[in-house]
Amino acid sequence: MFENYFFYKGKDLFCEDIPIKEIADKLRTPFYLYSKKAIQDKINQYKDAFKDYPTLICYAAKANSNLSLLKIFLDNGLGLDTVSGGEIFKGLLVGFPSNKIVYAGVGKTDEEIIYGIENGILSFNVESRQELDVIDYLAGKVGKKANVSIRVNPDVNPKTHPYISTGLKNSKFGIDIDDALDVYKKAVKKKNINVIGIHCHIGSQILDVSPYREAVEKVGDLVFKLKKEGIELEYFDIGGGLGIKYKPEDKTPNPKDLADLVLPVVKATGLKLILEPGRSLIGEAGALISQVIFTKSKKNKNFIILNSGMNDLMRPSIYNAYHHILSVEKKDEKIVADIVGPICETGDFFALDREIDKVERNDYLAVLSAGAYGSSMSSNYNVRPRAMEVLVDGDKYFVIKEREDYNYLIEKEIKPFERLKND
Ligand code: LLP
């Protein structure tokens, strides 16, 4: 798991060829630390698993949209899966060709739709009848056809956390599979729309891949129904969702398992495949490195208080997610403690009642599997500057996002004291 990229040599926790303590002493904490090799290995696994079939792997930018990390995916020939105008903007800025950008989301605004049309993105993954009408209308105004796929909701249970199950009947995502044929019939009649594909995404952090098979079979059946109606598509987008290791003992599927399961079904349709992996490309490659500010004990509890909090990594607070935590310098003694942040919320924790090395004030801890949905979900709650981001490549490291400072935090706010001065 983490062994290859985050591992102990003697008492020191390394990322690739660098002791993390060295980086932490130099840059100060907190920061997200990413292993370039881990990312590259994951990309290679995906490419290898799908090499015999025409496949576009679109990295899901929502997992982590740091420009330098996007550049790694771009340099490997990947496309980009986006969910907002902002993500499309970052993708284009880094240099992703617009014909490798797909865009899903239940609430695309007019501005975002126009932005996507003007830039000629590969596919709007349409999530409602109303959205289809609006895209057609706006494309007419822009004077350029929009490429669309319909996101169908196959009503499959991905057996993951309910907050990240997206393909169930009652979820807000997509169009009911039973309605989809009718929507396609309408879509192909629209003047300003090219119907190019079909899309589904059943959920995230999926550890048992069998629901994928169920989903692609259901969607594959629909593709054949469409063919019968004379509606020919080019792309079959099966979304993302492959799970990663959060606990050392977690058994995770790999891209090959996914390929073996879905390729026979997709091949039969003759459509090109699109994948949208996010977490599985970047999750295990990242760790959040923090420092112990204080330790304290109450009657029945020990606390380790860090200089990062739920504003930096929200997952434990909002999903009760487990993240493995290691001491950056191994200790001989262990302790059971709540590992918490400085935020004024009881839900501000990284781990509860966790057995961990007996760290002291100023020691560093590494929260693992934090590369996905870590920095991308971070906030400035409690007026806290967001963490730096650092990329390790062999025995070198590079700052890929500076730490925010106090002035940055107020940059966009109106300064009432200045206004008063000028009045
Ligand atoms: N495609 C679509 C349409 C999606 O909605 C998502 C994720 C992905 C692709 C990428 O899924 P992945 O391969 O990363 O599982 N914040 C949550 C995860 C939310 C996932 C949202 N959609 C978490 O921290 O677990």
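Counting convention: from 1, in listed order, for ligands and their atoms alike.
- Backbone and side-chain nitrogen or oxygen atoms of A104 are examined, and none is located within less than 3.5 angstrom of a nitrogen or oxygen of ligand 1.
- Ligand 1 places these atoms under 4.0 Å from at least one heavy atom of R279: 12 (P), 13 (O), 14 (O), 18 (C), 23 (C), 25 (O).
- Neither side chain, Y184 nor E229, offers a donor N or O lying under 3.5 Å from an acceptor on the other.
- A 4.5 Å side-chain heavy-atom check between L78 and L80 finds every atom pair outside the cut-off.
- In summary, the side chains of N380 and R386 do present a donor paired with an acceptor at a separation below 3.5 Å, with no hydrogens or angles considered.
- The ligand atoms of ligand 1 that sit less than 4.0 angstrom from a heavy atom of E276 are 1 (N), 2 (C), 3 (C), 8 (C), 9 (C), 10 (C), 13 (O).
- Judged by the 6.0 Å and 45° rule, R354 forms a cation-pi pair with Y322.
- Numbered from 1 in the order shown, with element, the atoms of ligand 1 that lie under 4.0 Å from a heavy atom of P277 read 13 (O).
- If you number the atoms of ligand 1 from 1 as listed, the ones under 4.0 Å from a heavy atom of M377 come out as 16 (N), 24 (O).
- For ligand 1, the atoms sitting less than 4.0 Å from at least one non-hydrogen atom of G240 are 9 (C), 13 (O), numbered in the order shown with element in parentheses.
- Those atoms of ligand 1 with a heavy atom of D81 less than 4.0 angstrom away are 1 (N), 2 (C), 9 (C).
- Remark: ligand 1 and Y319 share an N or O pair separated by less than 3.5 Å (distance only, no angle test).
- The minimum heavy-atom distance linking K189 with K185 is given by the pair CG-O, 3.5 Å.
- Close contacts between ligand 1 and G278 involve ligand atoms 12 (P), 13 (O), 14 (O) [criterion: under 4.0 Å to a heavy atom].
- Residue-ligand proximity: G241 is placed with a non-hydrogen atom under 4.0 Å from ligand 1.
- Between Y246 and H323, the angle of the ring planes goes over 60°, which puts this pair in the perpendicular group of the 30/60° scheme.
- Proximity of S280 to ligand 1 is not established, as no heavy-atom distance is less than 4.0 Å.
- For ligand 1, the atoms sitting less than 4.0 Å from at least one non-hydrogen atom of S204 are 11 (O), 12 (P), 14 (O), 15 (O), 20 (C), numbered in the order shown with element in parentheses.
- Annotation: cation-pi geometry not satisfied between K108 and F124 (NZ/CZ under 6.0 angstrom from ring centroid, within 45° of ring axis).
- Legend: residues meeting ring pair (Phe, Tyr, Trp, His ring centres under 6.0 Å) with Y115, ordered by chain and number and at least two apart, are absent.
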